[in-house]
Amino acid sequence: MKGGNTISTKKVIRRVLIAIMAATALSTGVILVTHRSGEVPVTGPATNEKATLTLDKMRHTSSRQGVDEWSVEAETVNLYNTENRAVFLMLTARYFEKSGAVTTLTADKGVLDTETRNMEVSGNVVVTRGGITITSDALTYTKESQVIISTTPVVITDSISRLTGDAMFLDLAGGRMTLDGNVNGTLLEESKGKFDETRSP
Amino acid sequence: QEGEVGINADHLTSDSQGRYALFSGNVRITRDGAVLKADTVQLHYEDGKKKGDTTKGLSLIEAEGNVTMDFEEKHATADKALYDLRKEEVTLTGGPPKVVSGESTLTGKTIVINRLTGAIKVDSGKSTRVKVRLVPGEKGFSFTPEKKDK
């Protein structure tokens with residue numbers, strides 16, 4: 001059935017061509033991303049069967065009209081293109097606010113939704129902003145509403161006060177923080193508004 | 001530790017615009033030996049911007065709802081308490097406010113307790129007279145303020 005064979009071969013060739021085009025498009029995109037940030041990954045991508053692509057020692061800065069909005073660095077990032085997901089291991093993320101304040105977040109693992117830019121981080125999570133440090137086991141950051149939520153116990157400290165709670169809701173844009181459940185704290189009277197976590201420095 | 005405020009509550013909401021922190025739900029605040037309990041407590045801060053205001057930090061504790069305060073073997077109750085940390089003065093209103101020491105009692109429209117000098121000032125109102133009950137042999141409401149001089 002010669003006709004049949006030619007048709008199926010055509011299909012195979014077409015699929016291979018599509019795959020090659022997709023891979024090219026992807027690697028161009030990744031190269032563009034890394035070049036825009038001026039950092040080319042030091043070592044070649046390691047292989048990871050499920051991930052579309054794995055990069056080591058990765059750094060990316062996202063800016064708009066020349067102004068940096070946020071940046072992320074990681075020991076390893078696994079890109080899952082079909083799921084719009086990037087998994088960062090040992091990451092440091094920085095958020096540059098209009099007020100000039102910089103929020104820095106470090107964690108063992110971070111899962112970024114490459115479409116919404118929302119992020120879930122877990123493992124030794126530390127957020128620092130101004131003189132204040134927030135530690136937790138897991139946090140989620142929603143870019144659209146600029147909100148950080150922790151559903152696991154949180155510790156907020158600075159040089160002269162300490163505050164803990166079972167869960168935290170931090171509205172970066174609105175400048176409002178809520179702690180829920182077993183709120184405990186000690187503060188020295190000269191603590192200058194320590195609970196205003198969102199105050200600009 | 002002196003000058004340290006301890007706080008326990010169910011919730012905290014802090015708003016940088018309002019420059020305050022609102023604790024709510026079974027709030028318990030400890031400071032220099034005094035224990036203040038209330039439904040809600042709001043901490044107010046001075047940020048040192050007002051003219052001549054050199055002190056910064058926590059300036060006022062505002063407690064509201066089922067307020068009780070235990071200090072120097074006295075027990076006070078009121079609807080509302082304002083604790084001015086600069087003056088070391090606690091102003092109790094609503095309820096009406098009442099202070100109990102042993103069997104002795106003290107009530108009026110407003111009670112102001114100065115934790116530095118130990119002075120207690122009671123004001124009456126249209127419908128609330130000042131009432132004092134002192135029991136012989138009891139310490140009553142005098143106390144030697146071991147508070148430091150500010």
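Just so it is clear: chains get the letters A, B, ... in the order the sequence lines come, proteins before strands, and each one is counted from 1.
- Heavy-atom distances place the backbone of N182(A), and not its side chain, under 4.5 Å from chain B.
- Separating the NE2 atom in H11(B) from the CG atom in L179(A) is a distance of 11.0 Å, to the nearest 0.5 Å.
- Counting only residues at least two apart or in different chains, side chain to side chain donor-acceptor pair (under 3.5 Å) contacts with residues 132-143 of chain A comprise S136(A)-S150(A), S136(A)-T152(A), Y141(A)-Q146(A).
- By the salt bridge (charged side-chain N to carboxylate O under 4.0 Å, His left out) test, K121(B) pairs with D123(B), sequence neighbours left out.
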Subject >> Check against side chain to side chain contact (heavy atoms under 4.5 Å, CB included), T186(A) and V5(B) >> reply: CA-CA 6 Å; T186(A) 52; V5(B) 176; over 6 Å; no
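- Crowding of E120(A) atom CD: a count of heavy atoms from other residues, nucleotides or ligands under 6.0 Å not exceeding 12.
- Going from atom OG of S14(B) over to atom CG of D171(A) covers 11.0 Å, rounded to the nearest 0.5 Å.
- Note that CG of N184(A) is 9.5 Å distant from CZ of F23(B), once rounded to the nearest 0.5 Å.
- Between T13(B) and M177(A), every side-chain heavy-atom pair lies at or beyond the 4.5 Å cut-off.
- Nearest heavy atom pair, residue L12(B) against residue V183(A), reads N-CG2, 3.9 Å.
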